[in-house]
Every structure is written in C-alpha cells, then in structure tokens.
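Reading through the structure tokens given below for one structure.
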Amino acid sequence: MADTLQFELVAPERLIFSGDVEMVVVPGAEGDFGVLPGHSLLLSTLRPGVIEIYENEKPKDRYVVAEGFAEVTGERCTVLSTEAFEAGAIDRAQADARLEQAQLRLRDAEGDEEREKFEREVELAELLAANAG
Amino acid sequence: MASLKDLRVRINSVRQTQKITSAMKLVAASKLRRAQEAAEAARPFSERMERMVGSLAEIMGEREEAPAMLRGTGKDDTHLFVVATADRGLCGGFNSSITRATRARLKELNEQGKTTKIICVGRKGREQLRREFGGMIVDHTDGIGRSGGPSFEEADAIGRGLTQRFEAGEFDTCTVVYNRFKTVMSQIVTFQQLIPFSPPAQAEAEGGDDSGAIYDFEPDEEMILSDLLPRNLSIQIFRSLLENAASEQGARMTAMDSATRNAGEMIDKLTLNYNRTRQAQITKELIEIISGAEAL
C-alpha cells in the first residue's frame, strides 16, 4: 500500500492545493476525521473549520475552509469548499472586519434559516480571525 | 458628386470610428485572456462536484426517497430557462444567437402546451426577449461580473433563488442557456439541463473503477445530497457564467476586428474617391485657363 494519498482542496474559483500527503485532518460535520492512505470510501459534509496537512507526523500546512464536502477513497481525498484560505495568508484587518459584519448581521437576522446561515458565517469569520497571520 | 470638403469630413469620421473599434478589440482581447483563465481555474471544482453528485446519483437514483431535484418532479409541465447573456452589445451575434435559440425552444414547448418561464441574466437578453415573452420573465439579474468577471457569490445568489423556486413548486425542469466557448471565433449556444440532474456522459464511461463501490456517509445520503444538489446548481450556473463571459469577449473581439477591417476598406475607397475628385477639379481648372488663354 502506498504511504501517501493524493489530497486536493478545491474552491469554486480555483484549485488551492493538490499534492501527495501523508495524512490530512478534515473538519467533518459530525467531528474532525483524519484521513490516511487506504481509508474506506467516505462522503461527508464539512463544517467551517481547519484542515491540517501532516508531514512526518506533525501538522505542516493549515487551511481554513467554509462549508463544503469531502470525498475520500483509498488513494485520494478531495475537499470541495465554497471558500478556503491558507492559514498564513489571511489578512488580519480583513478577517476582523468580516467577523464584525457577520456578528452584526447575525444580530439582525430573522427566522431560523437566516440565523443558522449567519451563525455559520460568524463561525467561519472567528476561525479566520484566530488564524490570521 | 460630393465635394472635396464632404469627402474629407467623411474620411476623418471613419478614421475616428476605426480608432475606437481597434481600441475595443484590444480591450476585449485582454479581457478574454482573463476570462479564459478564470474559466479554466474553475474547472476542477465543477468536475469534482459532478463526480461526487454522479456517484451519489448512482446510489440514490433508483430509490424512492431520492430528492426531487435529482429525479425530477415526475412531470414536465413547467419549464424554466435561465438565459445568460451579456449586459452590453457590440459583440456580433453573441446575444442574438442565444435569444434566437431560446425563442425557438420556447415556441416549440408552447405549441406542445407546456408552460415556460424565463429568468434573464444580463441586460441584453431581457431587452430582446421582453417584447415577445415579457409575461414569462419571472426574474432577472443584471450587472454580473461588472467588477472583473463573474464571482461565485453572484452565481450562488442565482442558484439559491432557483432552489427556493423549485421547492415552492414553481417549475419542473430547469435549463440554463449560454454560449459555450469553443474558440475565439466560434461560440456554441448550449442548453444544459440542471433539474432534474442529468449525469454527465463521460462520468459513466470513466467512473468504471468506482462504480458499485459502497461509500460511508456522514451524516447520511439524504442529508449530503440535499446539501450537495443546491450547491451543484450554483456551481453549474457559475461555470456557464464564466464560459459566457469568455465567449462574450471572444465574440466582441471578432466583431471589432472585422469592424476595424471594414473601416480600413472604407477609408481606402473614400480616399480613392477623394483623389479622383481632386484630380478632376484640377483638370477642370486647367481647361478653363487654357481655353481662356486661347480665346485671347
């Protein structure tokens, strides 16, 4: 069995990461899961969270992602997310502004559906602010 | 016969027009490159999305509880068309070829007694369809990609709108009409069915290695699918908007190129005419002088 798997992180506008990795941790909707080569077939939805790419058993790259989907097969793991940011490249000021706006909109939100939508937005913005360089 | 002054004025005005058209051609060429890059960069996402939906559709396709967005509502009475055109003209037959094809399809469906509805994306398409099918236009969006190419948020807004309408039972099938970018010279009007989902043909051929594989699902198939399908809708719209943007610039470039060439031909013709007239005038003056001298 190969000791790496092909990992791809894709946003609507472009392919963000594509390469062979040893392990990757993905924030699934029902909890984070690690993917190693030879993982069983899995389709999962994602919650806003952090994807960690491991090398030599240590986290190497981190990406903040919004909601999306992950498809895992034995030899590859594909993550589709509406938004994805490399942790080191997030602009602090932008992230803070976004968090502030998201919180404002959450406060004014009406109805469960809308509130849920902005709660996720706040969650993402908090993550962005926490991981800003 | 036009006087020399008239000809001079005309030549100058054609020359001005030529300057404008050649500038527009250059602008279109540089925008085209950007639009093409954007379309290419977005391809991986939609391909993988299609693969995911495809493999889910394979599993869920036959089951009773499959969502209507995947299987259809079981009727095909009301057809919704999302007609994507440009906001601006001066791009050859780009807008009218889309509206012409749409018009033909609408008439065909109407003759079969089906109801049709239209959502217009882009100003030009709405202008051209409004006269004949004004009553069918249920919604329209203008100004897509004004800030340098369509963004996913814009497509997502349209996609969400569609999902809402579908859930409200406003239509049975949904098709997006756009110009597929083949080359700079040729764009192909394409009807792509979004609802019910039709798996892409090549996925069936290539997907041989995965088929029959049993996936684990988190949370479960239905949840994922009900999340995935609206998302897929948005992404397909996004892709057609990007293709459309590239096609628009391609069409404009070609149109402006031939306009520039035509202006050049016209200038040549007018210049020739101008020189002949000038010659004729000189000859006439000479004759007058000579005959005047002879009379003495």
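Note on naming: letters A, B, ... go to the chains in the order of the sequence lines (proteins, then strands), and numbering restarts at 1 for each one. Owing to the predicted nature of the structure, the values given are computational and were not obtained by experimental measurement.
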Which heavy-atom pair separates [X] from [Y] by the least distance, and what is that distance?
X: Pro12(A); Y: Ile235(B); answer: CB-CD1, 3.8 Å
X: Leu42(A); Y: Phe217(B); answer: CD1-N, 4.4 Å
X: Thr82(A); Y: Phe152(B); answer: CG2-CE2, 3.7 Å
X: Met52(B); Y: Thr78(A); answer: CE-O, 4.1 Å
X: Phe45(B); Y: Leu80(A); answer: CE1-CB, 3.6 Å

Legend entry - Side-chain touch Arg48(B)/Glu8(A), heavy atoms, less than 4.5 angstrom: yes
Inset, instruction - Would you check if Glu13(A) and Phe238(B) make a side-chain contact, meaning some heavy-atom pair closer than 4.5 Å? - result: yes
Legend entry - Leu242(B) versus chain A, the contacting section by heavy-atom distance below 4.5 Å: neither
Legend entry - Contact origin within Thr45(A) toward chain B - heavy atom pairs under 4.5 Å: both
Legend entry - Ser81(A) portion near chain B, given a 4.5 angstrom heavy-atom threshold: backbone
Atom [atom1] of residue position [X] - does it have more than 12 heavy atoms of other residues, nucleotides or ligands inside 6.0 Å?
X: Asp112(A); atom1: CG; answer: no
X: Glu57(A); atom1: CD; answer: no
X: Glu100(A); atom1: CD; answer: no

Legend entry - From CG (Asp216(B)) to CG (Leu41(A)), nearest 0.5 Å: 7.5 Å
Legend entry - chain A contacts, top residue of Glu153(B), Arg239(B), Arg231(B) (heavy-atom pairs, under 4.5 Å): Arg231(B)
